[in-house]
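All remarks here apply to the structure that follows.
Proteins get letters first, then strands, A, B, ... in listed order; numbering begins at 1 in each. Note that the structure is a prediction, hence the values are computed from the model and not measured. Computation of the quantities below employed the complete heavy-atom set of this structure, encompassing side-chain atoms and omitting hydrogens, waters and symmetry-equivalent molecules.
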Amino acid sequence: MRRTAFSPNFFGFAIGIPLILVIGALEAFRPLGLSLPALTGGLLTLDTMIRVGLFTIILVGLNLLMGYAGQASLGQAAFYGMGAFFSAILTVQARLLGLPLALTAAWWWPWLVMFVGALLVGLTAYGIGRPILRLRGHYLAMATLGLGIVIYILLRENLGLSHLNLTGGFDGIQGIPRLRMGELVLWPAWRYFFLVWLFAFGAIALGLRVVHSRVGRALRAIHGSEMAAESVGVEVSHYKAMIFGLSAAMAALAGSLYAHFQTAVIPATFGFGPSLELVVMSAVGGMASIWGAPFGALAILLVQEALRTQLHRIIPNAQGEFEAIAFGLILVLIMLFLPEGLTTGGLRWLRSRPRLRPRWG
Amino acid sequence: MTKTLSIRPDGTKDRAEGPLLEIRRVSKAFGGLMALMGVSLRVWPGQIKGLIGPNGAGKTTLFNLITGMLRPTSGDIRFQGRSIVGLSPFQIAALGIARTFQNVQLFRGMTVLEHVLVGGHRHSRSGLLGAILRTPRMQREEEEAQARAWAILKRVGLAEWADRPAESLPLGLQRILEIARALAVGPQLMLLDEPGAGLNPMEKARLAELIRSLNAEGMTVLLVEHDMSLVMGLADEIAVLDYGQLIAEGPPEAIRQDPRVIAAYLGEEDEVGHAARG
């Protein structure tokens, strides 16, 4: 708990927040015709940076679950989807649900839905987590994978209530409203960018606080030895389910933010592929590090972007399946050469003096 | 304190209070294999009780039953007069039973200090919200926990290692760290599962000294140990398990000469004989 003034966490916020402010201001004012894509040679767009922010929120939760508590989840995108569809249904399908227009048209309604949705998804995940987190290793991975697929199918098949057409099936839901603060619409994109990164830095701060606490220690202890943790009075099943619930709630919150950003959601965004993508992002950034979240997300989104725009130059007629191959390759290479991910592993690699050991989340 | 208890002519001790831990006719079957058969055992407040027996005699199984990691097939286990069968390990820890492990169970990647802090887990209440909001209560609890952990590290002589990753410690200190972690639980009873295994004579001496001084401060200890001289030198009473059955119980001097014990240790007769001579 003792922290020095110049901990990596300090640098993270001291560099990260101004960087986000500069990017947002650049896009808001476009001084001298400059813009983010223009300055980065088309590598970065505001759209990409918003997605990085959204994934950061999910990945902080996923890293707490996988990197710190040591519990695999191959179905995390399903919680992302639950949040997104919860927001979409309760803001667009209000008439189907018989909600009064006066309520759903209020500016605060989507915000209420977002937070209630995250809470409900978190509680649901806690409930599901109690039994399935008794499984370990491969079995837990299989169970979360199955859970993710079940939720994906429920979203695709109208939650089994075909007469209501709540989720819109394959086509999903369109026309999701932009978020507002009173009269102020959080759009154009740079406004939304600030909002998303406010949440993203909030998620990072939350993650760091959890890690450096009694709860965080209990989670890491569970990772190390469940038997020993339990023998000193840590209620292992409760803690595992709790962090599963927290990670699900964070994913759901990101899902709601995504829904209001994209204004349309389809189930395919939240299937098995995206869940796997999240795991790759987590591994690339560094599972056992909170700051790994934004770097993992950025790295993978850039690779995705590069594949989309450059791959056909190398391999003509290349399609989406090459993305999966590239991700598989990246995961293998990271696991082989940088198993702690870009941030933790990278720092360790850069560090020359063994005594300079930053305590960081 | 036990040291002042008088030994009656039959070799048993005069007990003023009830037993701290009472195991009543406990059996444990793994499929068709009976690991323990009708074992009864009492641990009295303030004593160091040794539990010995050849490999596979059921010593660790008994520990796992006491700490709730396994459930007995039949029989009862009482701690401070209350049955603890069916409780979860974390609940049993909360009642005041802490243990160490035969194969050292460390939390990978955590420092020595953090191990002891986890050991003190049950003395604080702050949960997820307290951590996220960093409430004054959480901060106060954290300070208290740190103070307690440092006191324990100093007590066992690990303070200078506090910020080292636990897995970087030599085995002897890892075993002492396990004891420190168990101490942080604040137990009335400590179960030590072969704490001397794999240690060199100097490390063993340090370990024995620690166990003896903890006991002098009032800690009750149940000790499984293979090293005869270590257990004979520490325990004031020894129980012997063989093939899941209790074959002898009594003060170390009596156990040394017990023909059943010698027979059970036939393969390790030299060791018993050596301990007896030494």
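- A donor-acceptor contact shorter than 3.5 Å is absent between the side chain of A/Arg214 and the backbone of B/Gly127.
- Note that the CG atom of B/Leu133 and the CG atom of A/Leu206 stand 9.0 Å from one another [nearest 0.5 Å].
- Screening B/Gln105, B/Glu178, B/Arg99 against A/Ser231 for a side-chain contact (heavy atoms from CB on, under 4.5 Å) leaves a single residue, B/Arg99.
- Shown here is A/Phe295, whose CZ atom has no more than 12 heavy atoms of other residues, nucleotides or ligands within 6.0 Å.
- Minimum heavy-atom separation, A/Ala229 to B/Phe107: N-CE2, 3.7 Å.
- Using a 4.5 Å heavy-atom cutoff, the side chains of A/Arg217 and B/His121 are not in contact.
- The residues B/Arg122 and A/Glu235 are annotated as not salt-bridged, no charged nitrogen and carboxylate oxygen being separated by less than 4.0 angstrom.
- A/Val232 and B/Val118 make their closest contact through CG2-O, 3.7 Å (heavy atoms, listed as atom of the first residue, atom of the second, distance).
- Side chains of A/His223 and B/Arg108: no donor on one and acceptor on the other come within 3.5 Å.
- Taken from OG in A/Ser213 to CE in B/Met138, the straight-line distance is 5.0 Å, to the nearest 0.5 Å.
- Within the model, atoms CE of B/Met110 and OG of A/Ser225 stand 11.5 Å from one another, a figure rounded to the nearest 0.5 Å.
- For B/Phe30, the CZ atom sits in a packed shell: over 12 heavy atoms of surrounding residues, nucleotides or ligands are nearer than 6.0 Å.
- Annotation: the span from A/Glu230 atom CD to B/Ile92 atom CD1 amounts to 9.5 Å, rounded to 0.5 Å.
- The distance from atom CZ of B/Phe90 to atom NE2 of A/His238, rounded to the nearest 0.5 Å, is 9.0 Å.
- With a 4.5 Å cut-off on non-hydrogen atoms, B/Ser124 touches chain A through its backbone and its side chain both.
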Which is it for B/Glu142 and A/His212 under the side-chain contact (heavy atoms from CB on, under 4.5 Å) test, yes or no, and what are the steps along the way? CA-CA 10 Å; B/Glu142 183 64 26; A/His212 297 290; over 6 Å; no

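- Distance check, rounded to the nearest 0.5 Å: CE of A/Met227 to CE of B/Met69 gives 6.0 Å.
- Residue A/Ile222 does not touch chain B at all, counting heavy-atom pairs closer than 4.5 Å.
- For a residue to count as touching a neighbouring chain, one of its non-hydrogen atoms must lie under 4.5 Å from one of that chain's; by this rule A/Val215 touches chain B with the side chain only.
- When all heavy atoms of B/Ile132 and A/Arg209 are compared, the closest pair comes out as O-NH1, 2.9 Å.
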